[in-house]
S.K.: 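Could you have a look at this structure, given as structure tokens, before my questions?
This is a predicted model, so every value here is computed, not measured. Chain letters run A, B, ... following the sequence lines, proteins first, then strands; residues in each count from 1.
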Amino acid sequence: MSNQFRTTNSSGLINKNKIINFSFNGESLQGYEGDTLASALIANGVHLVGRSFKYHRPRGFLGAGVEEPNAMVQLHEGNRSEPNIMATEVELVEGLVANSQNCWPSVKFDIGEINNLLNRFFPAGFYYKTFMWPKSFWYKIYEPVIRKAAGMGIAPLNPDPDRYEHNYEHCDVLVVGSGPSGLASALAAAKNGAKVILAEDKAHFGGSLLNDDVTIGNMSGREWASDVISQLKNLPNVIVKNRSQVFGYYDHNMTVMFERVSDHIENPNKYTPRQRLHYIRAGEVIVSTGSIERPISFGNNDRPGILLASAAREYMKIYETLVGKKPIIFTNNDTAYSTALEFLKNNITPIILDTRNGSDGELVKEVQNLGVDIKFNSGIANTKGHLKIKSATIGKLDKEKENFISYEEVDCDCICMSGGWTPTVHLSSQAGNKLKFKEEIDAYIPDQKRQKETAIGAANGSYTLDQSLAEGFQVGFELSNKFTSNNSKTDTPSSKEPSFESHERLWCMPLPEGKKPKRFIDFQNDVAVSDVELALREGFRSIEHVKRYTTLGMAGDQGKTSNLNGLQYVSKIEKKIVPEVGHTTFRPPYTPVTIGTIVGREVGNHYLPTRKSPVHHWHEENNAVFVAAGLWVRPRYYPRGSETMSDAVNREAANVRKNVGICDVTTLGKIDIKGPDAPEFLNRIYTNAWMKLPVGKARYGVMLREDGMVMDDGTTSRLSENHFHMTTTTAQAANVLSHLEYYLQVVWPELDVNVLSTTEQWAGIAVAGPKSRELLSKLFPSDDLSNEGLPFMGLIDTKLGNIPARIYRISFSGELAYEVNVESNYGLHLWKKIIEIGSDFGVQPYGTEALSTLRIEMGHVAGPELDGRTIPFDVGLNGMVSQKKDFIGKRSLSKDAFVAEDRQTIVGLVPVDKKSKIPEGSHIVENDKAPTPNPKLGHVSSSCWSVEYNNPFSIAIMKDGKKQIGKTLYAVSPVKDISIPVEVVSSHYVDPKGERVRS
Amino acid sequence: MLEIKCPYCGKRSQNEFSYGGDGNIKRPPLGEEINTKDWDDFVYFRDNPRGKHTELWHHASGCRQWFKASRDTATHEIFATCKMNEDFNV
Ligand SMILES: [Zn+2]
């Protein structure tokens with residue numbers, strides 16, 4: 001019984017010798033190689049595919065390609081499962097598993113269909129009106145219920161196992177669509193020597209030539225198409241891509257194309273991507289995207305088995321599949337007659353209803369000559385058949401075509417409708433083209449272009465083959481001439497196709513007498529004629545508002561089949577012509593694109609580059625727990641045995657205070673600054689004075705933005721007269737470099753200074769603690785590291801064996817400390833040497849957590865305090881601000897708010913119970929019981945466990961902070977629902993006089 | 001994604017560049033008295049023109065040069081780019 005709906009001819013593009021097994025809703029079915037899921041289902045008599053979005057009405061296929069609004073399925077299983085896939089776009093592959101979606105418990109019996117019976121309660125704007133009040137109901141009742149009932153397929157919860165890739169291409173001419181005009185333009189441009197990319201969404205090239213019986217030169221349309229494709233494939237300057245949809249057109253002729261690389265292959269190679277995203281920057285884009293047939297609105301026009309006449313023809317001609325054996329053809333134009341002829345070739349005589357009074361088109365005559373009776377002045381009023389169309393109420397229309405004057409009930413198993421054609425202008429519109437309305441075809445076509453884009457053929461409203469080919473060859477030649485000097489023109493071949501009479505302006509049938517069946521315009525969004533009427537009755541006038549109120553033309557569908565019918569209906573009711581109604585904006589993507597393709601290879605660790613220090617492997621081998629610091633991966637702490645994080649951090653920090661610790665500080669930003677004006681430049685960048693820094697000395701510096709906020713801090717050393725080495729925080733390294741470049745290149749180009757990042761060139765290791773001098777003296781025996789030989793803020797150039805090394809006496813921990821720099825390649829060697837020699841002194845590595853603990857205890861500010869909202873005064877750096885010279889941001893510091901008496905300042909906090917940890921971000925209030933809004937005095941910026949005093953300690957930035965010292969306040973965190981009494985102390989909790997660093 | 005012609009490197013994709021704001025802003029000279037309003041105008045206030053706009057771009061993932069671009073803020077058309085010490089040839 002399988003494949004009982006196949007044609008008798010075998011002129012299609014499927015291979016009946018190769019059977020493909022697949023399953024739909026658990027039922028095993030068979031199709032042929034070359035089938036789509038849609039054609040294989042139809043061949044097996046399956047039309048019921050899913051349920052509609054809002055009313056859960058049974059739905060089948062409307063189209064045969066990207067225009068399909070209904071037949072969306074859930075494809076594959078497990079973590080490959082994929083929702084909302086158009087069955088018309090899925091090529092059949094062995095073992096394919098597909099299921100209906102938006103229905104429960106099954107597509108044949110769907111509980112949600114009650115929405116259809118209650119449809120008078122679900123008018124346009126229903127959600128907006130019904131679920132407004134009370135507000136609390138929204139979260140608890142409305143939203144969960146809507147979520148359960150609405151939506152389409154189900155997204156898988158597990159990671160996508162497939163591989164996706166991105167590709168970047170440039171070409172002179174991109175041709176989108178391989179119908180007659182697209183092929184002609186690609187051939188003309190390619191033969192003229194331009195670099196051409198031809199993109200076709202379908203598996204087969206040729207577009208309408210695959211379906212229409214036409215002649216080009218001495219070949220059939222199909223033969224000509226495959227001849228052109230083989231010519232193009234043999235040219236070195238051409239890329240030809242099938243299964244590739246150009247779905248987005250962005251600025252500066254950037255287009256994005258989605259390629260289905262291996263979806264149609266049963267067992268693809270392991271490293272073959274499933275899909276690929278191509279970014280194509282094209283010199284010129286030729287939009288030859290053709291046109292899409294329009295449906296007609298009539299009573300219950302959405303039943304499974306009612307579809308576009310062009311789709312029915314495509315199923316017969318390409319997939320050798322019959323959409324039915326008792327067809328009705330319902331049209332307002334000539335093109336549907338080619339569908340009638342195709343049925344007749346299969347010995348099936350359709351009932352033909354034509355709204356027009358008659359037609360002298362050649363196809364119409366051909367059908368009449370075969371003895372078929374055509375019912376002119378006729379239409380469909382209503383249909384019957386719950387899960388599949390069974391019969392139709394057809395009728396004669398009155399003279400004005402406003403009412404039916406007689407009715408007749410006829411049996412049928414499919415209805416093939418045609419409301420004429422709509423040019424596919426989506427890409428042109430996305431490119432910013434101002435469309436114009438072309439009255440002869442009652443549709444919009446591209447007009448005033450904003451980018452280098454040219455629509456041709458049916459997409460340009462040129463519906464005859466002669467015109468399409470002429471435009472294609474002409475435009476392909478002209479545009480390619482911009483890029484080549486060959487001036488080689490390809491001749492346009494002659495062509496032959498039947499003559500066509502024009503369509504009738506009628507896209508909506510009157511209602512049957514005494515009944516009000518739904519007449520759908522937008523199938524995907526379940527928008528019927530009555531919804532548009534309601535929107536207009538309620539006062540919506542702008543077509544953009546009507547769109548949003550009714551959801552007409554939205555979402556994945558983007559109005560492919562519904563847009564013009566909606567506009568026509570609005571124009572009819574409003575008694576305006578369509579151009580006055582205007583049109584809505586077309587947005588990318590033209591067709592749905594998988595998230596995997598958009599993401600490409602940028603998943604997991606590949607989401608961003610990872611920066612690792614040269615010591616990274618040692619950290620890994622020594623049990624480091626890592627933390628991300630921007631792109632860098634840094635050791636956070638090194639747990640031993642069963643230590644918890646706080647155990648390890650406290651041990652590491654305490655060891656620095658007691659013995660000596662080493663920390664990998666390679667990640668600090670480093671900038672090499674050279675030139676005769678370097679001291680002057682630093683003097684302008686930093687708030688403190690730099691002109692007199694001696695060679696061989698380092699200095700701490702603070703830089704501001706022009707608005708007076710602290711931008712960054714760090715030490716900068718003078719290596720020679722005109723040569724400085726700047727360090728920045730890890731986080732701000734890139735910003736500081738851009739900042740310096742900006743001032744050198746844009747503001748003060750007269751300064752003779754060069755800056756260069758050397759972050760990656762130097763490995764840096766901090767050696768901190770009272771035993772650091774002893775340790776380093778053993779490592780560098782020939783250097784004098786005494787307090788006189790290398791005083792605080794001094795530096796020396798030396799050697800570690802043969803390796804050049806530089807020792808800075810700087811400290812971030814508040815202890816006696818050094819930072820040793822060597823070339824990156826030697827970083828691991830230096831680290832291992834220090835560990836080896838340091839074992840006598842109890843050396844231990846410490847991570848970023850202990851690093852923070854040590855600096856918080858000392859009241860040293862860092863990122864959490866320098867958050868872009870603090871001026872030097874706020875963070876206790878006012879002493880760094882020179883009163884004698886001007887520098888970036890200085891003028892801002894004298895603004896009223898910045899010199900206010902009660903300006904915020906930095907303080908320390910100790911919990912009164914000496915136990916409770918104060919969460920960072922807590923607010924400081926005077927009275928934690930005060931009613932809201934409770935005035936906030938400040939916030940906690942950094943917290944640690946003080947290893948010096950064995951109790952929690954925090955830094956806070958607080959209004960009039962210095963005056964609060966000694967008071968007891970409250971640190972409250974409404975998020976964590978805690979309130980902690982805290983005593984305000986100085987932020988310099990340990991060694992407030994700074995004696996240790998100078999010891 | 002825009003295509004921007006770096007005056008040093010040639011045409012590159014926008015994702016290699018960072019935007020640097022209004023190119024007409026002149027920083028007040030160092031060491032000169034300036035009233036609060038003029039200073040605030042320099043620090044905070046920018047015109048938001050529709051149409052032709054001179055602006056700065058930084059070829060951050062390239063040659064790291066700052067340069068000027070004349071761009072239409074509505075259509076994104078870039079009429080010209082030039083080095084900081086040059087004027088547009090348009
Ligand atoms: Zn550049």
S.K.: Go through the atoms of A/Val747 and report whether side chain, backbone, both or neither lie under 4.5 Å from a heavy atom of chain B.
M.R.: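 The side chain, not the backbone.
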S.K.: Which of residues 15-23 of chain B get closer than 4.5 angstrom to chain A, counting heavy atoms alone?
M.R.: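 Those residues of residues 15-23 of chain B which would need a heavy atom under 4.5 Å from chain A do not exist here.
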S.K.: NZ of A/Lys452: more than 12 outside heavy atoms within 6.0 angstrom?
M.R.: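 At most 12 heavy atoms, drawn from other residues, nucleotides or ligands, come within 6.0 Å of this atom.
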S.K.: With a 4.5 Å cut-off on side-chain heavy atoms, are B/His58 and A/Ser738 touching?
M.R.: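 Yes. Closest side-chain heavy atoms under 4.5 Å.
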S.K.: Where does B/Ile25 contact chain A at under 4.5 Å (heavy atoms): side chain, backbone, both or neither?
M.R.: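 Neither the backbone nor the side chain of B/Ile25 comes within 4.5 Å of chain A.
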S.K.: Rounded to the nearest 0.5 Å, how far apart are CG of A/Asp896 and OG1 of B/Thr36?
M.R.: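 Answer for the CG-OG1 pair, A/Asp896 versus B/Thr36, is 6.5 Å.
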S.K.: Which region of B/His76, side chain (C-beta onward) or backbone (N, CA, C, O), has a non-hydrogen atom less than 4.5 Å from a non-hydrogen atom of chain A, or is it both or neither?
M.R.: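 For B/His76, heavy atoms of backbone and side chain both lie under 4.5 Å from chain A.
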S.K.: If you measure from CG on B/Leu30 to NZ on A/Lys890, what distance do you get to the nearest 0.5 Å?
M.R.: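 One finds 10.0 Å between CG of B/Leu30 and NZ of A/Lys890.
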S.K.: With a 4.5 angstrom heavy-atom cut-off, is it the side chain or the backbone of B/Arg27 that approaches chain A, or both, or neither?
M.R.: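 Side chain only.
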S.K.: More than 12 foreign heavy atoms under 6.0 Å from CZ of B/Arg46: is that the case here?
M.R.: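 Counting neighbours around CZ of B/Arg46, more than 12 heavy atoms of other residues, nucleotides or ligands fall under 6.0 Å, so yes.
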S.K.: Can a donor-acceptor pair be found, under 3.5 Å and without considering hydrogens, that links the side chain of A/Arg891 to the backbone of B/Ile34?
M.R.: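 Confirmed, A/Arg891 side chain pairs with B/Ile34 backbone.
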S.K.: Please check this pair: side chain of A/Asp886 against backbone of B/Gly31, looking for a donor-acceptor N/O pair closer than 3.5 Å.
M.R.: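 Pair found, side chain donor or acceptor close to backbone of B/Gly31.
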S.K.: At a heavy-atom distance under 4.5 Å, which candidate from A/Tyr279, A/Tyr250, A/Tyr168, A/Trp748 has the highest pair count against chain B?
M.R.: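 Sorted descending by pairs with chain B, the first entry is A/Trp748.
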S.K.: Using non-hydrogen atoms and a 4.5 Å limit, figure out which bit of B/Tyr44 sits close to chain A: side chain, backbone, both or neither.
M.R.: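 Answer is side chain: those atoms of B/Tyr44 sit under 4.5 Å from chain A.
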S.K.: Evaluate A/Leu737 against B/Arg64 for side chain to side chain contact (heavy atoms under 4.5 Å, CB included), listing each step before the verdict.
M.R.: CA-CA 10 Å; A/Leu737 184 65; B/Arg64 295 209 58 95; 3.5 Å; yes
S.K.: For B/Trp39, which atoms come within 4.5 Å of any heavy atom of chain A: side chain, backbone, both, or neither?
M.R.: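 Interface part for B/Trp39: side chain.
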S.K.: Is the backbone of B/Trp66 close enough, under 3.5 Å, to the side chain of A/Gln745 for a donor and an acceptor to pair up by distance?
M.R.: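 Pair found, side chain donor or acceptor close to backbone of B/Trp66.
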S.K.: Kindly check if the number of other-residue, nucleotide or ligand heavy atoms within 6.0 Å of CD (A/Glu750) is above 12?
M.R.: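 More than 12 within 6.0 Å, yes.
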S.K.: Under 3.5 Å, side chain of A/His252 to main-chain N/O of B/Ile4, donor-acceptor pair present?
M.R.: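 Between the backbone of B/Ile4 and the side chain of A/His252 there is no qualifying donor-acceptor contact (under 3.5 Å).
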S.K.: Would you call A/Arg450 and B/Glu77 a salt bridge, using N to O less than 4.0 angstrom?
M.R.: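 No, no charged N to carboxylate O under 4.0 Å.
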S.K.: Between B/Glu32, B/Lys26, B/Gln65, B/Met84, which shows the greatest number of heavy-atom pairs under 4.5 Å with chain A?
M.R.: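 Going by pairs under 4.5 Å, I would pick B/Gln65.
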S.K.: Counting heavy atoms not belonging to A/Lys449, are there more than 12 under 6.0 Å from its NZ?
M.R.: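 More than 12 heavy atoms, drawn from other residues, nucleotides or ligands, come within 6.0 Å of this atom.
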S.K.: So, does A/Arg281 use its side chain to make a donor-acceptor pair with the main chain of B/Met1 at under 3.5 Å?
M.R.: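 Yes, A/Arg281 side chain to B/Met1 backbone: donor-acceptor pair under 3.5 Å.
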S.K.: Between CG of A/Asn253 and CG of B/Leu2, what distance do you get to the nearest 0.5 Å?
M.R.: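 Rounded to the nearest 0.5 Å, the CG-CG separation comes to 12.0 Å.
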S.K.: By a 4.5 Å heavy-atom criterion (distance strictly below it), what part of A/Arg684 contacts chain B: side chain, backbone, both, or neither?
M.R.: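 The side chain, not the backbone.
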S.K.: Measure distances from B/Asp72 to the heavy atoms of chain A and classify the residue's part below 4.5 Å as side chain, backbone, both or neither.
M.R.: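 Contact with chain A: none, neither part.
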S.K.: For the residue pair A/Met254 and B/Ser13, establish whether any side-chain heavy-atom pair is separated by less than 4.5 Å.
M.R.: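 With C-beta onward as the side chain, the pair touches.
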S.K.: Would you mind checking which part of B/Asn85 comes under 4.5 Å of any heavy atom in chain A, side chain (CB onward), backbone (N, CA, C, O), both or neither?
M.R.: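 For B/Asn85, no heavy atom lies under 4.5 Å from chain A.
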S.K.: Side chain from CB out, backbone as N, CA, C, O: work out which of these in A/Ser892 comes under 4.5 Å of a heavy atom of chain B, or both, or neither.
M.R.: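 Contact with chain B is through both the backbone and side chain of A/Ser892.
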